[in-house]
Amino acid sequence: MRPYRNIVVNIFRSAPVAMLGVLLAGCGDTPPPAELYQIDSAEAPALRSSRPCKRSNAQRDAFFGDTHVHTSVSTDAWMFGVRVTPDDAHRYAFGGEVRLPVEGSNERAGTDTRTVRIDRPLDFVAITDHAEFLGEQALCSDPDSGFSENTLCQSIHNERGRSFRLIAQIMWPFTFRYDSLCGKDGAACRAAARSKWLENIEVAERWNDDSDNCERTAFIAYEYSSMRMGSNLHRNVIFRNNVVLPRPVSYIEAPREWQLWDMLKSGCLDSGSGCDVLSIPHNSNISNGRMFNVDYIGAGSQKEQIARNKLRMELEPIIEVMQHKGDSECRNGVAGVLGSEDELCDFEKFEAITNAIRWGDP
């Protein structure tokens, strides 16, 4: 039995507003047409094999994996000195070795490293590099692209851990890309993102065990990374098979979560291509209580509100409960939440740690 919908996923100095206004000056582009994010059923690839596994348990088995992994394809991982490729990440997930940076060694990224290996190979993995800046990172990290001296690329290469220029793009409610790198219509970055997305698909396909041995499952996936107005509204978007969107939908194209659901619904679920997808709310404990707001902006009638709720239930039937940043299901002290304090809500809270760390520190 292959792990997918039948599993319960138990997974494992803010920028001043004035600065955002400065960063926005001279930047902006019109969102690309939705057709760029829809599958052409006539050109969809053949579905992965659906033959049953040799080992099959009618009572179902528990599978263990990871649905949130970043590589050097993601700008934040790159700025923390990670040079692991998607191929490397799959190797590590399924029992091989990988080299990670030594803490505080960003100045020598890629050279000052340590070798690590997982104690027990995973049953499944989804490499969820950020859709946001996928093209920007590809252009900036390519020595032959001609953008090594670009201001945004210099920000990615020289700033340690976080770039205010990038954070502005996923915090500001009016989305934009930088003309100097992406062009006035954003096409250069979309093209680079498309190329990198195809590479990630090829890597996942190569690592996925499509035989009836079913020894490992490599999902094709990405992370939608909204930090709208400072609230973490990230989602891990995971496809069931190898029929996937031609390019990932990011916050730049869908600045509200229901726009993401709409594009996944129309581009994937309703495409007639065999595409199937889940959007899993991620790290909701630092969403300022907004991950599960009853928010009906743009849906005025009761009928429209019901339709939006149904859409979310279809795309987001499960949520992330636990991962390396702490639990994602509760938080003490959130205004409007009824009930007494829960001592277990303070378990390994990521926010409590990061509040004491200034941006740019190791």
Side-chain angles (χ1 to χ4, degrees), residues 2-4 11 37 39 43-49 63-78 80 82-101 110 113 115-118 121-145 189-211 213-225 236-250 268 273-278 280:
R2 300 179 189 277
Y4 186 57
I11 50 184
Y37 299 84
I39 298 172
E43 298 181 0
L47 283 170
R48 285 179 175 177
S49 171
F63 295 97
F64 297 86
D66 198 337
T67 61
H68 180 233
V69 180
H70 293 317
T71 73
S72 58
V73 173
S74 292
T75 53
D76 53 355
W78 177 276
F80 278 111
V82 173
R83 297 298 179 265
V84 171
T85 68
D87 190 62
D88 295 330
H90 281 91
R91 181 181 305 106
Y92 173 78
F94 298 129
E97 291 184 346
V98 70
R99 299 192 68 80
L100 294 178
T113 60
T115 300
V116 296
R117 182 193 293 269
I118 200 169
L122 301 179
D123 298 310
F124 65 91
V125 70
I127 306 302
T128 51
D129 282 308
H130 297 285
E132 296 73 18
F133 324 129
L134 188 62
E136 287 87 333
Q137 172 66 7
L139 291 173
C140 289
S141 60
D142 180 1
D144 298 322
S145 68
C189 287
R190 287 200 300 275
R194 161 74 171 165
S195 178
K196 186 60 65 175
W197 177 238
L198 292 176
E199 289 179 23
N200 289 0
I201 292 171
E202 188 277 328
V203 171
E205 285 291 84
R206 181 154 36 83
W207 279 99
N208 185 66
D209 182 5
D210 206 20
S211 72
N213 290 323
C214 303
E215 291 183 359
R216 59 181 184 268
T217 297
F219 289 111
I220 299 169
Y222 72 90
E223 183 174 355
Y224 166 87
S225 313
N236 291 316
V237 178
I238 302 178
F239 294 90
R240 181 170 189 163
N241 49 54
N242 60 330
V243 179
V244 303
L245 296 183
R247 49 183 54 77
V249 179
S250 77
C268 174
S273 63
C275 181
D276 200 357
V277 66
L278 290 177
I280 304 177

- Query: Excluding sequence neighbours, so at least two apart, what forms side chain to side chain contact (heavy atoms under 4.5 Å, CB included) with Pro121?
  - Reply: none
- Item | For Ile118 against Tyr92, the heavy-atom pair lying closest together | N-CE1, 3.3 Å
- Message: Using the side chain to side chain contact (heavy atoms under 4.5 Å, CB included) criterion, which residues pair with Ala89? Sequence neighbours excluded.
- Response: Val69, Thr71, Val84, Ile127
- Item | Closest non-hydrogen atom pair, Leu134 against Pro248 | CD2-CG, 4.0 Å
- Task: Using modelled atom types only, decide if a donor and an acceptor are shared between the side chain of Arg117 and the backbone of Gly95 within a distance under 3.5 Å.
- Result: yes
- Indicate yes or no: at least one non-hydrogen side-chain atom of Cys268 is less than 4.5 angstrom from one of Phe239. yes
- Tyr37: side chain to side chain contact (heavy atoms under 4.5 Å, CB included) partners, not counting sequence neighbours: Pro32, Arg190, Arg247, Val249, Glu253, Met263
- side-chain hydrogen bond (donor to acceptor under 3.5 Å, both in side chains) partners of Glu136, counting only residues at least two apart: Arg177
- Who pairs with His130 by side-chain hydrogen bond (donor to acceptor under 3.5 Å, both in side chains), at least two apart in sequence or on another chain? His70, Asp76, Ser225
- Query: Is there a donor-acceptor contact under 3.5 Å from the side chain of Asn241 to the main chain of Gly274?
  - Reply: yes
- The side chain to side chain contact (heavy atoms under 4.5 Å, CB included) partners of Ile201 (sequence neighbours excluded) come to Trp197, Leu198, Glu205, Ile220, Val244
- Message: List the residues meeting side-chain hydrogen bond (donor to acceptor under 3.5 Å, both in side chains) with Ser273, not counting sequence neighbours, and say none if there are none.
- Response: Ser271
- Message: Run the salt bridge (Lys or Arg N to Asp or Glu O under 4.0 Å) test against Glu215 and tell me which residues pass, sequence neighbours left out.
- Response: none
- Could you list the residues that satisfy salt bridge (Lys or Arg N to Asp or Glu O under 4.0 Å) with Arg91, not counting sequence neighbours? Asp87, Asp88
